[in-house]
Amino acid sequence: MKTTFTHINKNLFYLFICSLFFMGCEDFLEVNDPFGQINTPEVFEDEATATAAVTSLYAKLRDEVLLTGTTQGLTALMGIYSDELDFYGLGAEPMDSFYQHYIFSDDPIVEGIWNGSYSLIYMGNAILESLDKSDKIGPDIKKQLRGETLFIRALTYSYLVNLFGDIPYATTTDFGLNSMLSRMPASEVYENIIMDLQEAKGLLGANYISSERTRANQMVVASLLARVYIFTEQWDLAALEATTIINNTSVFNLEVDVANEFLKESTSAILQFKPKSEGENTQEASLFLFESGPPPLVALNPQLYEGMEPNDGRKEHWIGVVTDGSETWYFPNKYKIEANTGTSIEYSVVLRLSEQFLIRAEARAKLGNLSGALDDLNVIRNRAGLMDSEATTESGILDAISTERYHELFSEFGHRWFDIKRLGLANDILAPIKPGWKPTDLLLPIPENELLMNPKLEPQNPGY
């Protein structure tokens, strides 16, 4: 991990923090300090700058790493990697390798995902170490900031282990140690993720620290824990964490009208990214919206739209339709506003209540509670204007939940890819439609440059 760990030092960390003040982390904050006047030797010597350091991690996720709504984020990349999105860009564009499944170990997008993620992890580790050393920050603030940083580290690793399989799990800024880390088995990576999340949950409060849902609290951590427990097939724990959120009806409720689901005031939102500047809206809208065909870059696979039931309200409110009279295209329309609106109207939703109902439905089905699974599944169906599911058997209910996840969570940070992968469906779905598909494509390659710099990352993932 040469880019991440051997060439970064504490001075660069402080420069990183200060540079992010100019790049948008201030919109996560409510502090009065002029960001351009921070003296780097005093970083972490007061609560405002420590808070700014932590909130800059959210900004990096929003703007650069994994969860960005641009072409470099998982929404776009894993959408075209799976059967969710079709790619209309030029064949020479880097994204085409993801669409066609012609990815090699020197792929620049793959290297960017790896390096950007481990850079974020390094910054989080540096923050944790600085918080531990600081005697200028009150214990309550220190607990909050440590909990948030652990959550972000766990969130980042949860995506990395899904994308790459066995990976290094760095928890320090020690250059010598980090530059020679071996790959940890995925099962142990998940154990570390869960430990980070459990500690974070114990440190954070139950309430949001502001009127907006843009920073982690116990409920945010519980929602990610529920997802991780599904990935690791710990069904009872997944159901328990999801129930914690679902039962918190004083804070979380499904929007009765699906058209309101992605507005910034949505009561279904668990964690959102606030736009960089007031009046801006989401990057996803800029990525997906188009008014005439053919699409400029990506569009929904028509089979998604065609596979939804005729009276599904999500077809009307979450999918846009463009036609030239002879051909029709579809695009994700969850976020509808691309222009600056003076006051921001839409925030990018990172975690939301619908996923928790579907997580608990799957967990309950696996635990033999079929009536409870159907109850949760039907909550989501009924809200979309659909009748109760007619599934009766465990396998039938699980199939119905999988379909409902596709129709509910499309174009949201790669849910579709991670689902067909973990459910063993990827080969059957993608082999007929992806020219370069290989069964080994369940994992991305470890970047070639990283293998050259650290032989302990060998062996390369199969197929590369």
Side-chain angles (χ1 to χ4, degrees), residues 20 23-31 51-52 54-76 79 148 151-152 155-156 159 204 207-217 219-224 227 245 248 251-289 314 317-318 320 331-356 408-415:
L20 278 173
M23 293 169 59
C25 71
E26 63 267 26
D27 46 69
F28 287 96
L29 298 171
E30 294 179 2
V31 296
T51 300
V54 172
T55 56
S56 71
L57 301 179
Y58 294 97
K60 192 170 178 69
L61 280 169
R62 179 197 63 200
D63 296 335
E64 302 175 32
V65 180
L66 294 174
L67 304 187
T68 177
T70 70
T71 58
Q72 300 304 301
L74 296 185
T75 293
E148 288 185 81
F151 163 76
I152 292 171
L155 177 67
T156 306
Y159 284 108
L204 295 170
N207 299 321
Y208 292 99
I209 62 174
S210 75
S211 60
E212 298 188 307
R213 303 179 180 193
T214 55
R215 291 174 62 184
N217 63 7
M219 297 296 100
V220 172
V221 175
S223 67
L224 181 56
R227 181 192 295 175
I245 301 156
N248 192 358
V251 179
F252 305 112
N253 289 281
L254 291 175
E255 291 288 340
V256 176
D257 186 346
V258 295
N260 298 329
E261 182 78 356
F262 295 92
L263 299 177
K264 69 177 183 181
E265 299 88 0
S266 173
T267 57
S268 178
I270 301 171
L271 180 67
Q272 301 170 309
F273 285 153
K274 186 174 182 177
K276 193 171 185 177
S277 301
E278 185 60 53
E280 293 182 4
N281 290 284
T282 68
Q283 297 167 327
E284 286 86 349
S286 298
L287 173 67
F288 287 131
L289 302 185
R314 294 167 297 195
H317 294 289
W318 293 359
F331 61 87
N333 197 30
K334 290 177 173 179
Y335 301 103
K336 299 173 171 58
I337 303 171
E338 188 174 2
N340 189 301
T341 50
T343 299
S344 299
I345 296 173
E346 296 174 340
Y347 289 0
S348 180
V349 181
V350 181
L351 297 164
R352 60 190 182 97
L353 185 59
S354 293
E355 182 190 1
Q356 299 303 309
E408 178 73 21
L409 301 174
F410 68 88
S411 69
E412 294 183 47
F413 308 117
H415 275 293

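Residue indices begin at 1 and follow the sequence shown.
- Summarising the geometry of N281 relative to I345, their closest heavy-atom pair is OD1-N, 2.8 Å, with the distance given to 0.1 Å.
- Checked by atom type, the side-chain pair E255/T267 shows a donor-acceptor distance below 3.5 Å.
- One distance of note links CG of L271 with CZ of R352; it measures 13.5 Å at 0.5 Å rounding.
- A ring-centre distance under 6.0 Å is found for Y335 and F262.
- The shortest non-hydrogen separation linking L289 to I337 is CD1-N, 4.3 Å.
- The closest donor-acceptor contact from the side chain of Q272 to the backbone of K264 lies under 3.5 Å.
- Judged by distance alone, the side chain of Y58 and the main-chain N or O of A216 form a donor-acceptor pair under 3.5 Å.
- Considering every non-hydrogen atom in both T68 and D63, the closest pair reads OG1-O, 3.5 Å.
- With values rounded to the nearest 0.5 angstrom, R314 atom CZ is found 15.0 Å from N333 atom CG.
- Counting only heavy atoms from C-beta outward, the side chains of M219 and V251 never approach each other to under 4.5 Å.
- Of the inter-residue distances, the one linking T214 atom OG1 with F273 atom CZ reads 10.0 Å to the nearest 0.5 angstrom.
- Heavy-atom minimum distance, S268 versus E261: OG-OE2, 2.9 Å.
- Taking every heavy atom of both residues into account, G279 and S344 meet most closely at N-OG, 3.0 Å.
- For the side-chain contact (heavy atoms from CB on, under 4.5 Å) criterion with S223, the lone passing option out of V350, L351, L353 is L351.
- Applying the salt bridge (Lys or Arg N to Asp or Glu O under 4.0 Å) rule to pairs touching residues 332-348 yields K334-E412, sequence neighbours excluded.
- In this structure, R62 CZ and S348 OG are separated by 10.0 Å, a value rounded to the nearest 0.5 Å.
- Residues E64 and Q72 are not in side-chain contact: their nearest non-hydrogen atoms beyond the backbone lie 4.5 Å or more apart.
- The shortest non-hydrogen separation linking F413 to L67 is CE2-O, 3.2 Å.
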